[in-house]
Structures are given as C-alpha cells and as structure tokens.
Amino acid sequence: DAGVTQSPTHLIKTRGQQVTLRCSPKSGHDTVSWYQQALGQGPQFIFQYYEEEERQRGNFPDRFSGHQFPNYSSELNVNALLLGDSALYLCASSFFGTGNQPQHFGDGTRLSIL
Amino acid sequence: AQSVTQLDSQVPVFEEAPVELRCNYSSSVSVYLFWYVQYPNQGLQLLLKYLSGSTLVKSINGFEAEFNKSQTSFHLRKPSVHISDTAEYFCAVSFVSGTYKYIFGTGTRLKVLA
C-alpha cells in the first residue's frame with residue numbers, strides 16, 4: 001500500500017522563476033493539503049484540495065496556486081519565486097479532510113532558491 | 001486566535017531516562033490533537049492522536065500523551081527513551097468545525113544521549 005509520494009525530492013531554482021511540485025495521495029484518500037516548512041519551523045498550511053476544488057487557503061499570496069486531478073493527485077505551483085520561498089514543501093492526504101481524519105504526509109520536496 | 005505552543009525547542013536526555021515534551025494550544029472551538037515525529041530528511045509520521053474518549057492515548061512504541069482540557073495541554077511522555085527516539089516532534093491541532101487546516105507547533109528536537 002503506497003503512502004503519499006512527492007516529486008521531485010529536491011529542486012533548485014533562481015529568483016523570479018516558476019516551479020511545480022507534485023503529490024500522489026495515499027491509496028483511498030481523496031483530500032490533499034499542502035504545507036510549507038521553513039528551516040527550524042513547524043509546517044504552515046498553504047491550502048487544501050477536495051473534489052478538484054480549493055476548499056480552504058492559508059495566509060499565502062496568490063503566487064501559490066494548486067490543482068487537483070480526477071485521480072486525486074495534486075500539484076503546487078509557485079510563481080515569481082522569492083528567496084523566502086526556500087523551504088520543505090509537504091503534501092498530506094486524508095479521507096474527506098475533516099479534522100478527525102489524520103493527515104498522512106509525504107517526505108516532501110526541498111526547494112532552494114538562489 | 002488559534003495557536004499551538006511548544007515551549008521547549010530542544011530537549012536533551014540520557015538513554016533510558018524518562019522524557020516529557022510539552023504542548024499547549026489555544027482555540028475557541030473544540031479540537032482534535034496529534035503528535036507527529038519527523039526524522040532527518042523525511043516527512044512527518046503520525047505518532048498518536050486524541051479524537052475523543054479516554055484522555056490518555058498511547059502509541060505502539062511506548063509514547064503516551066494526555067489531553068487536559070482545563071489546561072489546554074497535550075504533553076507527550078515516554079518512561080524510557082532510546083537512541084532511536086532522537087528526532088523532531090511536532091504537536092498539531094485540527095478543529096471539530098469551521099476549518100480544515102492543521103495548526104502545528106514549532107517543534108521540539110529530542111536528542112537522546114548515550
């Protein structure tokens with residue numbers, strides 16, 4: 001039973017570029033959430049996707065956008081990259097996404113901005 | 001505002017000694033509570049959760065946590081730690097209603113010394 005998988009593992013970009021990160025949820029899960037984890041910090045909620053719609057969004061600018069596909073996989077897009085976007089980006093999946101459904105995390109994509 | 005506080009950023013402890021990692025939360029609505037563990041270069045793994053019922057919850061590897069509603073706390077304990085318990089531990093809350101996001105604390109780095 002595959003867990004949450006994310007790709008790529010590492011990515012290096014320069015300021016102003018655009019990046020796309022990908023996530024496949026755990027089998028049986030239909031909800032995907034994205035988090036940003038800066039060095040030495042806890043994960044910060046970016047947004048959650050359910051039924052191919054953005055269901056809730058955290059305090060992140062519009063440069064951060066996403067998509068969910070019919071097979072429940074998801075993408076996170078970040079435009080006009082800033083140095084401060086350097087972080088570990090975590091994808092988490094769950095069933096339906098309500099608070100009593102524990103989220104299962106992937107190993108993340110480490111994004112470095114030069 | 002909803003928040004999670006982990007006051008101890010680092011906790012060094014000798015092998016086979018007991019340990020307590022503290023977590024306090026603030027919320028105007030009822031919460032669910034979680035502890036996650038993160039090993040280097042990996043994502044977060046669910047350690048244990050409190051959804052309802054008995055306020056004392058236990059994991060399969062000897063950790064336990066107790067939900068204290070009056071003190072808004074969910075401290076993590078282990079009576080005897082092993083070298084392999086060295087990791088970052090995150091406390092998180094989700095909410096019974098109103099929002100789908102998780103809020104994480106800033107993490108506590110547990111370092112077990114030989």
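By convention in this document, chain letters (A, B, ...) are assigned in the order of the sequence lines, proteins followed by strands, and residues within each chain are numbered from 1. Heavy-atom basis, side chains included; hydrogens, waters and symmetry copies ignored.
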**Study point:** Chi angles and distances behind the side-chain contact (heavy atoms from CB on, under 4.5 Å) call for B:F90, A:Q37
**Key:** CA-CA 12 Å; B:F90 291 94; A:Q37 186 180 14; 3.3 Å; yes

Practice item. Mind checking the NE2-CG spacing from A:H10 to B:N41? Nearest 0.5 Å is all I need. Key: 6.0 Å

Practice item. List the steps and the verdict of side-chain contact (heavy atoms from CB on, under 4.5 Å) for A:Y50 and B:Y100. Key: CA-CA 11 Å; A:Y50 173 71; B:Y100 297 99; over 6 Å; no

Practice item. Find out if a path of hydrophobic residues (ILVMFWY) with successive side-chain heavy-atom gaps under 4.5 Å connects A:V32 to A:F105. Key: no

Practice item. List the steps and the verdict of ring pair (Phe, Tyr, Trp, His ring centres under 6.0 Å) for B:F104 and A:F45. Key: CA-CA 9 Å; B:F104 284 84; A:F45 176 76; over 10 Å; no

Review point. Which heavy atom in B:K101 sits nearest to a heavy atom in A:Q56, and how many Å separate them?
Key: N-OE1, 3.6 Å

Practice item. Evaluate the side-chain contact (heavy atoms from CB on, under 4.5 Å) criterion for residues B:Q38 and A:L88: first the C-alpha distance (whole Å), next the side-chain angles of each, then the deciding distance (0.1 Å), finally the verdict. Key: CA-CA 12 Å; B:Q38 186 176 36; A:L88 180 67; 3.8 Å; yes

**Study point:** A:D107 side chain to B:G43 backbone, donor-acceptor under 3.5 Å
**Key:** yes

Point to revise | Interface moiety of B:S9 toward chain A, non-hydrogen atoms closer than 4.5 Å | key: neither

Point to revise | Part of B:L51 within contact of chain A (heavy atom distance under 4.5 Å) | key: side chain

**Study point:** Residue B:F67 excluded, over 12 heavy atoms near CZ under 6.0 Å
**Key:** yes

Practice item. Determine whether more than 12 heavy atoms belonging to other residues, nucleotides or ligands lie under 6.0 Å from atom NZ of A:K13. Key: yes

Point to revise | ILVMFWY cluster, A:I113 and A:L90 together (side-chain gap under 4.5 Å) | key: no

Practice item. Find out if a path of hydrophobic residues (ILVMFWY) with successive side-chain heavy-atom gaps under 4.5 Å connects B:Y39 to B:L48. Key: yes

Exercise for review: May I ask you to check whether over 12 heavy atoms, not counting those of B:I60, lie within 6.0 Å of atom CD1?
Suggested key: no

Review point. Out of curiosity, does A:Y89 fall in the hydrophobic cluster containing A:F47 (side-chain heavy atoms, cut-off under 4.5 Å, transitive links)?
Key: yes

Exercise for review: Report yes or no: does A:Q41 contribute a side-chain atom to a donor-acceptor pair with the main-chain N or O of B:T106 at less than 3.5 Å?
Suggested key: no

Check your understanding: Would a hydrophobic clustering, with Ile, Leu, Val, Met, Phe, Trp and Tyr connected at side-chain separations under 4.5 Å, put B:V31 with B:W35?
Key -> yes

Point to revise | Beyond-backbone contact of A:N100 with B:S94, side-chain heavy atoms, under 4.5 angstrom | key: no

Check your understanding: Between B:L46 and A:Q103, is any pair of side-chain heavy atoms under 4.5 Å apart?
Key -> no

